[in-house]
Amino acid sequence: MKITAVEAIPFAIPYRKPLRFASGEVHTAEHVLIRVRTEDGVVGIAEAPPRPFTYGETQDSIKAVIDKLFTPELLGLHLLEREVIHGVLGRTVGNPTAKAAVDMAMWDALGRTLGFPVTLLLGGFTDRMRVSHMLGFAEPAAAVAEAERMRDLYGIATFKVKVGRHPYTLDVKVCRALRDALGDAVELYVDGNRGWTASESVQALRAMEDLGLTLAEELCPADDVLGRRWLVSRSPIPVVADESVPTPATVTRELLSGAANAISIKTARTGFTYSQRVHHLCEGVGVEVVMGNQIDGQIGSMCTVAFGAAYRLTSQRAGELSNFLDMTDDLLTEPLEIRDGTLPVRQGAGIGVDVDEDKLTRYRQDT
Ligand SMILES: [Mg+2]
């Protein structure tokens, strides 16, 4: 089980339509495939999705930190020496998706070596997760059309609505249009990506009180220390921390300060090992969690399902698992399929997916 190589392979796959952010447009998913090889001939895989405007990582930075800083120290270590491995990864402060992908590729290699699915090694609670679909910024009619399409095509009945623009002229209207069109059969919750102030957040939540929203994620900036505490004390629904909690320590800080009372776990930034720690922490203090998405591809989405299905707490709510549908293709030999609103875990060893070498050759950028 000794590590003999860690490869970081940049690849690029176009999106079906450009993803629009406040900072610009993205036309292509530029991710990094991580492969961990062992002396037994086993290859573990995972995927790092750089999010430059969230974590400051790029494809180049992920490859550089893995090739230059991590790999020389990881070679020769045993897959089960996780504390030693994380001692190596912990030598840099940042680089969350690079570290998470190395961690998950090692778990995948461990599962393949032992002949067990990673989800079983982690906890084995259930075999699938319900899927939540994220609705990006849109006019009310377009958001409704997208939600109806996802409901009719994939059976999805949970929607996370991106808000954080103009609370009263736009965001509240979109949520109301969705509830009016889709009825009570669907679950709706909102994610503000820090776009509102605390007082706008309280007023918007009041204006939507009759819509039966279930969660409110990262409505205002993490630096609004007292504002967030004030918001949590007035919110009728759990306030989820996401961008503000990339590590177990920041989860502790946000929860103890009263700035949030639910947590988004993203395997893309905390891998399996640190997602476990975040999960145990949340379970220990009794707060809800939601499995989030870092605009993952199919490998990353399978990692999220493998982790989310492993525990009672993480599988209670629908996981955000549908972003891979925005990509025109992927690297897997067997593409993921959402059916009846759920995504099953794969029963094979490791995370249960394999890379199609022809596709990798087509999309890799280092040859
Ligand atoms: Mg979020």
Side-chain angles (χ1 to χ4, degrees), residues 19-23 26 49-57 96-97 100 129-138 143 146-147 156 158-165 167 171 174-175 178 187-198 200-201 204-205 208 213-224 227-228 231-232 235 237-247 250-251 253-255 259-270 274-275 278-279 282 287-297 300-301 303-304 307-308 314 317-326:
L19 301 187
R20 295 198 168 84
F21 308 98
S23 47
V26 185
R51 294 291 156 248
F53 304 108
T54 308
Y55 305 118
E57 292 178 284
T97 70
M129 286 194 79
R130 285 183 297 120
V131 174
S132 165
H133 180 67
M134 190 185 88
L135 297 167
F137 287 170
E146 163 87 350
I156 292 174
T158 305
F159 296 95
K160 162 153 136 174
V161 188
K162 286 285 186 180
V163 296
R165 291 177 289 179
D171 295 324
V174 170
C175 293
L178 287 164
E187 177 181 346
L188 296 175
Y189 59 107
V190 293
D191 181 358
N193 290 111
R194 300 153 283 138
W196 292 340
T197 65
E200 282 174 337
S201 304
L205 289 178
M208 295 190 287
L213 303 179
T214 53
L215 297 170
E217 182 170 311
E218 212 78 87
L219 297 181
C220 57
D223 285 349
D224 296 355
R228 276 162 75 101
L231 166 61
V232 167
S235 173
I237 52 178
V239 175
V240 184
D242 174 12
E243 300 95 301
S244 58
V245 290
T247 61
T250 47
V251 169
R253 192 179 307 152
E254 289 300 290
L255 292 176
N261 52 1
I263 296 295
S264 173
I265 297 180
K266 291 182 173 172
T267 50
R269 71 177 170 220
T270 36
Y274 274 73
S275 292
V278 171
H279 162 272
C282 292
V287 301
E288 289 192 66
V289 303
V290 59
M291 291 305 299
N293 196 307
Q294 204 66 73
I295 322 182
D296 299 302
S301 300
C303 288
T304 305
F307 187 88
T314 46
R317 289 190 169 277
E320 295 159 9
L321 297 163
S322 63
N323 279 125
F324 71 85
L325 297 171
D326 288 333

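All ligand and atom numbering here is 1-based and tracks the order in the structure. The residues of the chain are indexed from 1 along the displayed sequence.
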- Might you work through the side-chain contact (heavy atoms from CB on, under 4.5 Å) test for Arg269 and Val278, ending with a clear yes or no? CA-CA 11 Å; Arg269 71 177 170 220; Val278 171; over 6 Å; no
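Remark: at the Mg ion (ligand 1), atom OE2 from Glu217 and atom OD2 from Asp242 enclose 90°, rounded to the nearest 10 degrees.
Judged purely by distance below 3.5 Å, without hydrogens or angles, the side chains of Glu243 and Thr54 never pair a donor atom with an acceptor atom. At a cut-off of 3.5 Å, with distance as the only test, a side-chain donor of Thr270 or Ser275 sits close to an acceptor on the other residue.
Its N, O or S atom nearest to the Mg ion (ligand 1) is what matters here, and for Asp191 that atom is OD2.
Between Ile237 and Leu205, some side-chain heavy-atom pair lies under the 4.5 Å cut-off.
In summary, no N, O or S atom of Glu218 is located under 2.8 Å from the Mg ion (ligand 1).
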